[in-house]
S.K.: 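I'd like to ask some things about the structure below.
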Amino acid sequence: MEENWNDIDQFTKSSIKEAGSKIIDSFDEVLKIQTKSNVNDLVTNMDKQIEKYFVEKIKDHYPTHRVLGEEGFGDQVEDTAGTVWIIDPIDGTMNFVHQQRNFAISIGIFHEGVGMLGYIYDVVADELYHARKGQGAYLNEERLSQLGEVPVEEAILSINATWLVPNKKVNHEQFASLVRRVRGTRSYGSAAIELAYIAAGRLDGYLTMRLSPWDFAGGKVLIEEVGGTITDLKGNDLSLVENSPVFAGNPAVHSEVLDKYLKH
Ligand code: 2AM
Ligand code: CA
């Protein structure tokens, strides 16, 4: 089926702004906080309310589209046929709860597995990153540049300290040697914001061990639109329906770090 991508783009932008206002308004209310997979994996009534808002609105306007959402109010999506929305209503819930900032709404819209539209809305900063395949990426009204070459020595790498102490998933010493080599490290606690910052050239690399499709779907469209690279830790394409470690970055940084620190 032919989609009207202009129409979908306008609809998504206005829905995201409205959802952002709902979240800001909720700062005056008492949050209901629950835990999910472990005591630090938080979910609030707002995560659920915002996802429901998107699912209901999308089903109303685009009944043939499927929705994969973190909180499970959308569809059971196991393949990428047709048009699929991949939504995280609040990425960085821990930041939302503890800091009331540094969280984002993330949406990627895919057609037959191809990323067509990507959005990351840093609600409190009022920064909407958006991209449409082949038509450029923007931060609010400003067009983002294609990513230029950055040497690893001048790179800012986003990585969580978890991966620099002994852990079950990766060789922390190899990561420590990379951290010593780059210019600096940061960690914002929202995968969506870290991916948006890669697209904007504010970060040059982002390494993380456990993301779900809704954490990276919007960022993938944005990053690819500015010539960045986003893969798993071996350089393979990310699946849109499975969890994966993620390595995103400036193409020069991505290729060198992959060869020297990750592939073997
Ligand atoms: P969330 O806030 O939507 O859960 C924090 O380091 C980043 O990783 C956030 O983007 C967070 O998304 C995500 N995250 C935290 N725990 C996760 C888990 N168990 N699986 C997948 N993503 C996770
Ligand atoms: Ca979330």
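Order of appearance sets the numbers: ligands from 1, and atoms from 1 within every ligand.
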S.K.: Under 4.0 Å, heavy-atom basis, I'd like to know which part of Met94 is in contact with ligand 1: side chain, backbone, both or neither.
M.R.: neither
S.K.: How far is atom 8 (O) of ligand 1 from the closest protein heavy atom, and which atom is that?
M.R.: Leu211 CD2, 3.8 Å
S.K.: What's the shortest distance from atom 5 (C) of ligand 1 to any protein heavy atom, and which residue and atom give it?
M.R.: Gly189 O, 3.6 Å
S.K.: Heavy-atom contacts with Ile90 under 4.0 Å: which atoms of ligand 1 show up? List them by number with element.
M.R.: 3 (O)
S.K.: Is Ser190 touching ligand 1 with its side chain, its backbone, both, or neither, if touching means heavy atoms under 4.0 Å apart?
M.R.: backbone
S.K.: For Gln174 and Leu262, indicate whether the former's side chain and the latter's backbone hold a donor-acceptor pair under 3.5 Å.
M.R.: no
S.K.: Between Ser26 and Phe96, is any pair of side-chain heavy atoms under 4.5 Å apart?
M.R.: yes
S.K.: Answer yes or no for Glu70: is there an N/O/S atom below the 3.0 Å cut-off from the Ca ion (ligand 2)?
M.R.: yes
S.K.: When you compare ligand 1 with Arg210, is there at least one nitrogen or oxygen pair between them that comes in under 3.5 angstrom?
M.R.: yes
S.K.: Judging by distance only, is a nitrogen or oxygen of Thr93 under 3.5 angstrom from one on ligand 1?
M.R.: yes
S.K.: Which residue holds the protein heavy atom closest to atom 12 (O) of ligand 1, what is that atom called, and what is the gap in Å?
M.R.: Asp91 OD1, 3.2 Å
S.K.: Could you go through Lys36 and Glu71, starting from their C-alpha distance and side-chain angles, then the distance that decides it, and tell me whether this counts as salt bridge (charged side-chain N to carboxylate O under 4.0 Å, His left out)?
M.R.: CA-CA 10 Å; Lys36 293 199 280 189; Glu71 312 309 338; 3.1 Å; yes
S.K.: Do Asn95 and Ser190 have side-chain atoms, one donor and one acceptor, less than 3.5 Å apart?
M.R.: no
S.K.: With heavy atoms only and a cut-off of under 4.0 Å, state how Asp88 meets ligand 1: side chain, backbone, both or neither.
M.R.: side chain
S.K.: Is there an N/O/S atom in Gly92 that lies less than 3.0 Å from the Ca ion (ligand 2)?
M.R.: no
S.K.: Tell me: protein heavy atom nearest atom 4 (O) of ligand 1, and distance?
M.R.: Glu70 OE2, 3.7 Å
S.K.: Any donor-acceptor pair under 3.5 Å linking the side chain of Glu112 with the backbone of Ala81?
M.R.: no
S.K.: With Tyr129 as reference, evaluate Val221, Leu195, Leu139, Asn140 under the side chain to side chain contact (heavy atoms under 4.5 Å, CB included) test and give the passing residue.
M.R.: Leu139
S.K.: Using a strict 4.0 Å threshold on nitrogen-to-oxygen distance, state whether Glu153 and Arg181 make a salt bridge.
M.R.: yes
S.K.: Could you check whether atom CZ of Arg202 has more than 12 heavy atoms from other residues, nucleotides or ligands sitting under 6.0 Å from it?
M.R.: yes
S.K.: For atom 22 (N) of ligand 1, tell me which residue out of Asp215, Asn243, Asn40 has the closest non-hydrogen atom.
M.R.: Asp215
S.K.: Answer yes or no: does an N/O atom from Gly92 fall short of 3.5 Å to an N/O atom of ligand 1?
M.R.: yes
S.K.: Taking the basic N atoms (NZ, or NE/NH1/NH2) and the acidic carboxylate oxygens, is any pair closer than 4.0 Å for Lys220 and Asp237?
M.R.: no
S.K.: Under 3.5 Å, is there a donor on one side chain and an acceptor on the other for Asp41 and Thr35?
M.R.: no
S.K.: To the nearest 10 degrees, calculate the angle at the Ca ion (ligand 2) involving O of Ile90 and OD2 of Asp88.
M.R.: 90°
